[in-house]
Colleague: 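Just passing along the structure, written as structure tokens.
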Amino acid sequence: MSDVIELYENCKLCPKACGVNRLDGDTGFCGMSFNPSAASAVLHNGEEPPLVGEKGSGAVFFSGCTLGCPFCQNEQISSGKIGSELSEAKLVDIFLNLQKNGAANINLVTATQFTPSVISAVKSARNLGLSIPIMWNTSGYERPETIELLSDIIDIWLPDLKTLDSLVAGRLMNAPEYPDFAPAAIVQMVKSLEKNAGTLIENDIMKRGIIFRHLVMPGEMDSTRTVLKWFSENLKDNAMLSLMVQYTPVNEAGRQIAPDGYSMSDEEYNKLIDWLEEFDIEEGFLQEPEAASSDWIPDFKRQNPFPEKFSTPIWHWDDCVK
Ligand code: SF4
């Protein structure tokens, strides 16, 4: 057994630090065994432009999650209800197939609970000719130690920073400890990037770097202001900001956050613009309020979880489609 796989024995891969032996069949908060499980691999056009290229980002949607946000848009897979377990050989095959079909990168979506397996699979795939960048697409709820472990294989970091307010984190994610971990993990991503010679963008496509995401939550503008200030003070020289305003409720819990749906007001949107100026944030992406759409909410029961114009399926948990 490789050193890295042994980390499943006393699992502390994420801040939940369950300490269970997943190699022995025990499961912790994420509910996942040590075999990686995924629901879908697609060429995805919905990420930020430098991550998409001509054919799309090669997204692999893993099952399970280390957070338990009640309003999650990916609840079918974050709850572990949908997905199939993959051998390392199959995961390598999916990576190589995404590359063969023109993916700009391998986009590992919510893979923290499988960090050791993913590291091992990426190394094997590199030996078999995988050459596109590897991207870590995360909620930000990470232990800095896990990020350090990943720094050998990850080229692009795509973290959220949902909030720096523990009351908001408790209310929205049942994880008041979130602010104790996410900023430190993101700082560790910056160190990793610096170790690997910094941001690299070629022909408008990111090869190395950090895109820092923040979704404005209904009624939580003060929390957003704090996040933007933190970004300005800690990250703006090393990362691009992606500020999203398209909160779309998908279930009862989501509707409780925004009972009448959510459409950002002009006043709120103008506030965001003022704060970007105040904090001197120029690099990045700002969603238009009209971008809010339920089209982006995936249904992982379908071969293509997204509408055709948004993604091309490469692999599905229920069937091999290409
Ligand atoms: S990855 Fe899963 S088992 Fe391991 S610490 Fe996190 S929630 Fe617990």
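Fair warning: this is a prediction, and the values are worked out from it, not measured in the lab. Numbering of residues begins at 1 and proceeds along the displayed sequence. We count ligands from 1, going down the list as the structure has it; atoms in each ligand are counted the same way.
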Colleague: Do Met189 and Pro159 have side chains that get closer than 4.5 Å, going by heavy atoms?
Modeller: yes
Colleague: For Ser242 and Glu48, does a side-chain donor sit closer than 3.5 Å to a side-chain acceptor?
Modeller: yes
Colleague: Near atom 4 (Fe) of ligand 1, which protein N/O/S atoms are found at less than 2.8 Å?
Modeller: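 The answer is Cys11 SG.
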Colleague: Would you please name every residue forming a ring-ring contact (aromatic ring centres under 6.0 Å, His included) with Phe300, sequence neighbours left out?
Modeller: Phe61
Colleague: Within 45° of the axis and under 6.0 Å from the centre of the six-membered ring of Phe231, does NZ or CZ of Lys236 qualify?
Modeller: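 Not flagged: Lys236 not positioned over aromatic ring of Phe231.
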Colleague: How close do Thr110 and Phe62 get, heavy atom to heavy atom, and via which atoms?
Modeller: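 For Thr110 and Phe62, the tightest heavy-atom pair comes out as O-CB, 3.4 Å.
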Colleague: Run the ring-centre check on Phe310 versus His44 and record whether the distance is less than 6.0 Å.
Modeller: no
